[in-house]
Amino acid sequence: MSMSVFFPSLPTVLTRLRLPQKPHLLHPFKNRLYLTLPGAAADNGPGMVSSATLEEKAEKKEGASPVDSKEKLQKEEEDSLVSNGAAANFKDPKWVGGTWDLQQFSKDGKTNWDAVIDAEVRRRKWLEDNPEASSNDKPVVFDTSIIPWWAWVKRFHLPEAERLNGRAAMIGFFMAYLVDSLTGVGLVDQMGNFFCKTLLFVAVVGVLVIRKNEDIENLKKLLEETTFYDKQWQATWQDENRSSSKKD
Amino acid sequence: MASSLFIAARFSSDLKPFVGLRQIPPEKHTPLSKSLPTPQIHRRFRISASKSRPKLSGRNLRVAVVGGGPAGGAAAETLAKGGIETFLIERKLDNCKPCGGAIPLCMVGEFDLPLDIIDRRVTKMKMISPSNVAVDIGQTLKPNEYIGMVRREVLDAYLRDRASASGASVINGLFLRMDLPQDPTAPYVLHYNSYDGKTGGVGEKLTLEVDAVIGADGANSRVAKNIGAGEYDYAIAFQERIKIPDEKMVYYENLAEMYVGDDVSPDFYGWVFPKCDHVAVGTGTVTHKGEIKKFQLATRLRAKEKISGGKIIRVEAHPIPEHPRPRRLAGRVALVGDAAGYVTKCSGEGIYFAAKSGRMCAEAIVEGSEKGKRMVEEDDLRKYLEIWDKTYWPTYKVLDVLQKVFYRSNPAREAFVEMCADEYVQKMTFDSYLYKRVVPGNPLDDLKLAVNTIGSLVRANALRREMDKINI
């Protein structure tokens, strides 16, 4: 099944990172340790409470693992009825009405967007490890676009941009020096040469596109992936070209 | 030389040289000249194609449709209406096929489906992201637009009955194998177990001779195996039908839910679809088939409050093809529907495409055989493939791209759900789903949509990287 090569290429990378938490049904204690870490940063109280209830819920879930799905559903129904109030839901004093209460994030009269981003990161991390039932009474309506674009740029784009520009500058300086020492052509004259301009273009694209060692492999796979589906559809036509029947 | 003779024959409307090309025994000439169609119709057929298709004497073309689902039923009806002797072989006439059961609006019109076949009209959908951000879509639908939810046993039976009423013979039997012919005019011999008139018996082994076969026998097609069509990757869809209390059923009156997330499926989605009097809760996966039960539990957990107190009345699973088979056609055998692999990516929709491909294939056979008067050959069936690929390739490709972009990872899914909140996206999505046409929208809106999509993806992935930092 060659198709499966491509899909797991990204998710398995992610699952590898999440591996310690994946069998969370079997390792409630590991989870408990893990949960207090982000909880400790902002709110100690709710963090501890929810970790305790998670343990309780995990044990209940472990108990309800017979083979028959029918029994499982009924047992879970009992579980949900029993552990209704104690279900390990994400709780945070700043999470109000299914979204982040921006008033609580204000610092010096302005919203501290970095803290909002941190809070959302913690919430998503929690939910990834402890998926919750979605609720109609308490719907989640948070949209990441309420965080203004410049907050994202400042936090995520600028450090990366700095790194990439630094790489480009180092490559540029070194190559200019090397070419000058080998050919005697100075920087200004190099820029007038077509070959040098091409090299410059290749260097810029390379710095932008290849940021980690894995990117080279990923790019090749991506290219193959974009045309894979087309090839599958056209397979029946290859067959026809090989056979001798004429087709106008 | 032969083609120029043909052209000359057309223009001079003197049929003798044309007849001479065909190498048919002399006694066939008189019926040939009487019933040969006018030159206008010949212009449609390519020059090389009509050279070797002999006229059938004393009988019409016989075609067997193996499989009586939407594809088989639609194909059999079109064939029968086109004057072809049709045999529809179905192994279980009351088969309650595991299926999502959603049909687009255009299918009701195109196939003249009576409205009482549709159990429910879904007009609202809820998309729920991994972090439980819930987005309602469907506000852009007009009052007469809906997604129809049908029971497969009802739909399949209706299409089969209509085929039967048009003149097709419905055979209750299990197709075993077929003998391929050695020359272009020899028949295919189908071997099947007939269940007619027997209750619970093993069935009588019978054979059937036909000139062409349409393989509409679904994802595990035996016809496909017989012709060496090749394998395809498939997803396993697992579904539990749950009868929930009436007050909870009100919520699902005309609403379907879609859950996305790594917990629910690594490459597909989990769903809650309302059926006639219960809901179907299910999920699917291609790459992690062994963990399907785990994904099903996760889906049930995500919908916990909305389905609590429910009883499971049926558990079912079925493979869903992910892409077309390497060979959809061999000789005078063509595959349609799930047997060919015509299930879209991203949404996993198959009923409409099955019925449509069955109909298109049948139309190609009717045309190629001139309403059953001539033998068909592979080129005639290949026309169906050509038209099919040309008409629906954009739809399939777009859905493939959407799946690759938005079902990749949790951040991509978060971005996907965020994008669904946009009204323009909803309008485009429903238009393309309900009417099966890719309508070019306003370019400015498209640009805004592209920018918003990239923005959503970038934000979600940035949050994801931060999440990884916490872990490490």
Side-chain angles (χ1 to χ4, degrees), chain A residues 1-4 6-8 10-11 14-15 17-18 20-21 37-38 69-70 72-74 76-77 80-81 117-118 120-125 127-128 131-137 139-145 147 149 152 155-156 225-226 229-230 232-233 235-237 239-240 245-248, chain B residues 46-48 128 130-134 230 233 240 251 259 261-263 266-267 286-287 293 297-298 300-306 308-310 312 315 322-324 326-329 378-379 382 385 389 393 396-397 400 404 408-410 418 421 455-456 458-460 462-463 466-468 470-471:
Chain A
M1 234 189 286
S2 40
M3 195 61 156
S4 49
F6 302 106
F7 275 128
L10 289 177
L14 301 171
T15 44
L17 290 168
R18 290 193 278 117
Q21 275 68 42
L37 270 164
S69 48
K70 218 176 257 187
K72 208 176 260 181
L73 178 69
Q74 282 164 5
E76 264 179 37
E77 296 319 305
S80 65
L81 291 168
I117 292 178
D118 284 329
E120 179 63 11
V121 165
R122 275 199 310 278
R123 184 183 80 91
R124 288 195 183 185
K125 190 69 196 172
L127 283 176
E128 209 169 78
E132 248 173 50
S134 78
S135 157
N136 286 337
D137 311 314
V140 174
V141 292
F142 176 69
D143 187 345
T144 53
S145 53
I147 303 173
W149 64 274
W152 296 97
R155 178 147 171 180
F156 296 109
E225 205 184 284
T226 45
Y229 194 54
D230 309 42
Q232 287 174 329
W233 270 78
T236 202
W237 297 107
D239 171 57
E240 191 250 350
S245 62
K246 260 189 305 157
K247 189 187 168 308
D248 285 324
Chain B
R46 301 284 164 51
I47 295 168
S48 65
I128 299 170
S131 65
N132 279 337
V133 177
D233 302 317
E240 285 165 341
Y251 170 69
Y259 293 91
D262 272 336
D263 55 327
D267 51 8
V286 179
T287 51
K293 292 271 175 72
L297 276 180
R300 276 218 300 253
L301 168 66
R302 294 261 237 130
K304 188 162 79 166
E305 288 173 20
K306 299 172 222 172
S308 70
I312 301 183
V315 178
E322 285 289 294
H323 62 85
R327 285 180 83 191
R328 291 176 264 155
L329 177 62
E378 187 174 325
D379 282 347
R382 211 163 261 286
L385 281 186
D389 283 4
W393 167 244
Y396 280 91
K397 184 63 184 171
D400 175 55
K404 286 207 176 82
R408 275 207 118 88
S409 58
N410 269 355
E418 251 180 44
S456 281
V458 165
R459 287 195 296 264
L463 286 178
E466 288 293 296
M467 281 160 66
D468 294 338
I470 292 186
N471 192 11

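Only heavy atoms go into these numbers, but all of them, side chains included; no hydrogens, no water, no symmetry mates. Every chain is numbered from 1 and lettered A, B, ... according to where its sequence line falls, protein lines coming before strand lines.
For the atom pair CG (B:N132) and CD (A:E132), the distance works out to 6.0 Å, reported to the nearest 0.5 Å. For the atom pair B:E466 CD and A:D118 CG, the distance stands at 6.5 Å (nearest 0.5 Å). In this structure, CE on B:M467 lies 4.0 Å from CD on A:E128, to the nearest 0.5 angstrom. Annotation: the span from A:D230 atom CG to B:D400 atom CG amounts to 7.5 Å, rounded to 0.5 Å. In this structure, CH2 on A:W237 lies 7.0 Å from CZ on B:R328, to the nearest 0.5 angstrom. We find the CZ-OG distance between B:R459 and A:S145 to be 5.0 Å, quoted to the nearest 0.5 Å.
The side-chain hydrogen bond (donor to acceptor under 3.5 Å, both in side chains) check on A:W233 picks up A:Y229, with sequence neighbours excluded. Here A:R124 pairs with A:E120, B:E414 under the salt bridge (Lys or Arg N to Asp or Glu O under 4.0 Å) rule; sequence neighbours left out.
Residue B:A462 touches chain A through both its backbone and its side chain, counting heavy-atom pairs closer than 4.5 Å. The contact between A:D137 and chain B is made entirely by side chain atoms (from C-beta outward), counting heavy-atom distances below 4.5 Å. Of the atoms belonging to B:P324, heavy atoms from both backbone and side chain fall under 4.5 Å from chain A. Looking at A:F156, only its side chain comes within 4.5 Å of chain B, counting heavy atoms on both sides. When heavy atoms are compared at a cutoff of 4.5 Å, B:Y251 approaches chain A solely by way of its side chain, counted from C-beta outward.
When all heavy atoms of A:P131 and B:L301 are compared, the pair lying nearest together is O-CD2, 3.1 Å.
Counting heavy-atom pairs closer than 4.5 Å to chain B, the top residue among A:L127, A:V141, A:I117, A:I147 is A:L127.
Within 6.0 Å of the CH2 atom in B:W393, the count of heavy atoms belonging to other residues, nucleotides or ligands exceeds 12.
When the options B:K304, B:E305, B:R302, B:K306 are evaluated for a side-chain hydrogen bond (donor to acceptor under 3.5 Å, both in side chains) with A:S134, the one that passes is B:K306.
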Practice task
I would like to know whether B:L463 and A:W152 meet side-chain contact (heavy atoms from CB on, under 4.5 Å); could you show each step before the answer?
Solution key: CA-CA 10 Å; B:L463 286 178; A:W152 296 97; 4.0 Å; yes

